[in-house]
**Q** 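First, the structure itself, so that you have it in front of you.
Everything quoted here is computed from the prediction, not taken from an experiment. If you read the sequence from its start, that first residue is 1, and numbering goes on from there.
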Amino acid sequence: LYHEHLLANFPGNPRIGLPVFELEALTPEGSHGMRSMNHVLVVTHWAQEVLKRQGIEASVVNEGYDPEMFVACHEPRENSAPAFVMVGKCEGRKATFETVNAWEEATRGTACSLWAHVHNVFAPDMALLVVWRALGESFGLIRKGGMVTFSEIGGSRLVHLLLGKMPRAQLVALYGMADFGLFCSRAEGWDLPLMECAASGTPAVATTWAGHSEYVLDPWPESLRISQ
């Protein structure tokens, strides 16, 4: 269970590889790594098709979530402003900037909040900079402990950026208090946070691309089509 481009580095016989990759174009190292396996497992049929086009056979074994912890138990929230939640890595292919920026544009003139637990282990301050840039000059910020709160100047919107590692119990509570999840990646191998959000009974806005296509259905003919 490792990155596809490093699978060839591991000894053993037989060797079974389970890479979780996000893109349709394989690097030469990734292709070599998977061809060096006796058998390859992938978590989605999308990934299986990507490898099939490369002449690599693979079996599908779906990932999942903890059903004992993430349970649909939403309680009605009366007279409260809508709350959105984002969870996951902060990087370009996860569309962190684009998602926050779209939320800011779509919710202007309303009273609502966005709770974001997005992070990058290689660049701890990246999430703060990306969210701040996506919101623009109409928000001021206050940093207190492990949370940065962006408050709309002259408005009613709040963005709470949760920093550092989050205990699973707190993650359960975060999904439970939200009205909508936002998971708009443009490259995704599986997306455990989206699975956990859905299992918590929280509706989500998500792309139907790559790993998401395994379990995100598209029932609306009017759904937005993204070509790139």
**Q** Got a sec, which residues hit side chain to side chain contact (heavy atoms under 4.5 Å, CB included) with Asp66, two or more places apart in sequence or on another chain?
**A** Glu68, Met69, Phe70, Arg168

**Q** Only counting residues at least two apart or in another chain, list the ones meeting side chain to side chain contact (heavy atoms under 4.5 Å, CB included) with Ala210.
**A** Trp46

**Q** Would you check if the side chain of Thr202 reaches a backbone N or O of Ala198 as a donor-acceptor pair within less than 3.5 Å?
**A** no

**Q** What distance do Asn62 atom CG and Met195 atom CE have between them, rounded to the nearest 0.5 Å?
**A** 8.0 Å

**Q** Using salt bridge (charged side-chain N to carboxylate O under 4.0 Å, His left out) as the criterion, list what pairs up with Glu49, not counting sequence neighbours.
**A** none

**Q** Can you list the other members of the hydrophobic cluster that holds Leu141, where links are side-chain heavy atoms under 4.5 angstrom apart?
**A** Phe84, Met86, Val100, Trp103, Leu114, Val118, Leu128, Val131, Trp132, Leu135, Phe139, Val148, Phe150, Val159, Leu161, Leu163, Phe180, Leu182, Val205

**Q** Would you check if the side chain of Gln48 reaches a backbone N or O of Ala58 as a donor-acceptor pair within less than 3.5 Å?
**A** yes

**Q** Tracing side-chain links under 4.5 Å among I, L, V, M, F, W and Y, which residues wind up in one group with Ile142?
**A** none

**Q** Specify the closest pair of heavy atoms between Ser156 and Glu152, including all atoms of both residues, with the distance to one decimal.
**A** N-OE1, 3.3 Å

**Q** Tell me which pairs pass salt bridge (Lys or Arg N to Asp or Glu O under 4.0 Å) where either residue lies in residues 84-97, with sequence neighbours left out.
**A** Glu22-Arg93, Glu22-Lys94, Glu91-Arg93, Lys94-Glu188

**Q** Within the 3.5 Å criterion, strictly below it, is a donor on Thr207 or His212 matched to an acceptor on the partner's side chain?
**A** yes

**Q** Honestly curious: do Val172 and Met177 fall in one hydrophobic cluster under the side-chain, below-4.5 Å linking rule?
**A** yes

**Q** Got a sec, which hydrophobics cluster with Val130, joining ILVMFWY side chains under 4.5 Å apart, including via others?
**A** Phe97, Met126

**Q** Could you give me the CA-CA distance, side-chain angles and deciding distance for Met166 and Leu162, then say whether side chain to side chain contact (heavy atoms under 4.5 Å, CB included) is met?
**A** CA-CA 8 Å; Met166 180 178 291; Leu162 306 170; 3.3 Å; yes

**Q** For the atom pair CG (Leu171) and NE2 (His117), what is the distance rounded to the nearest 0.5 Å?
**A** 6.5 Å

**Q** Just to verify, what does Glu104 make a salt bridge (charged side-chain N to carboxylate O under 4.0 Å, His left out) with, not counting sequence neighbours?
**A** Arg108, Arg157

**Q** Can you list the residues that meet the side-chain hydrogen bond (donor to acceptor under 3.5 Å, both in side chains) rule with Thr110, with sequence neighbours excluded?
**A** none

**Q** Does anything in residues 125-143 form a salt bridge (Lys or Arg N to Asp or Glu O under 4.0 Å)? List the pairs, not counting sequence neighbours.
**A** none

**Q** Other residues, nucleotides and ligands only: do more than 12 of their heavy atoms fall within 6.0 Å of NE2 on His32?
**A** no

**Q** So, His160 versus Ser113: side-chain donor-acceptor pair below 3.5 Å or not?
**A** no

**Q** I'd like to know if the side chain of Tyr215 reaches the main chain of Trp190, judged simply by a donor and an acceptor atom lying under 3.5 Å from each other, with no hydrogens or angles considered.
**A** yes

**Q** Does Glu4 have any salt bridge (charged side-chain N to carboxylate O under 4.0 Å, His left out) partners at least two apart in sequence or in another chain, and if so, which?
**A** none

**Q** Show every donor-acceptor pair shorter than 3.5 Å between a side-chain atom in residues 8-20 and any protein atom, with sequence neighbours excluded, or say none if there are none.
**A**
residue: Arg15; atom: NH1; partner: Phe10; partner atom: O; Å: 2.3
residue: Arg15; atom: NH2; partner: Ser36; partner atom: O; Å: 2.8

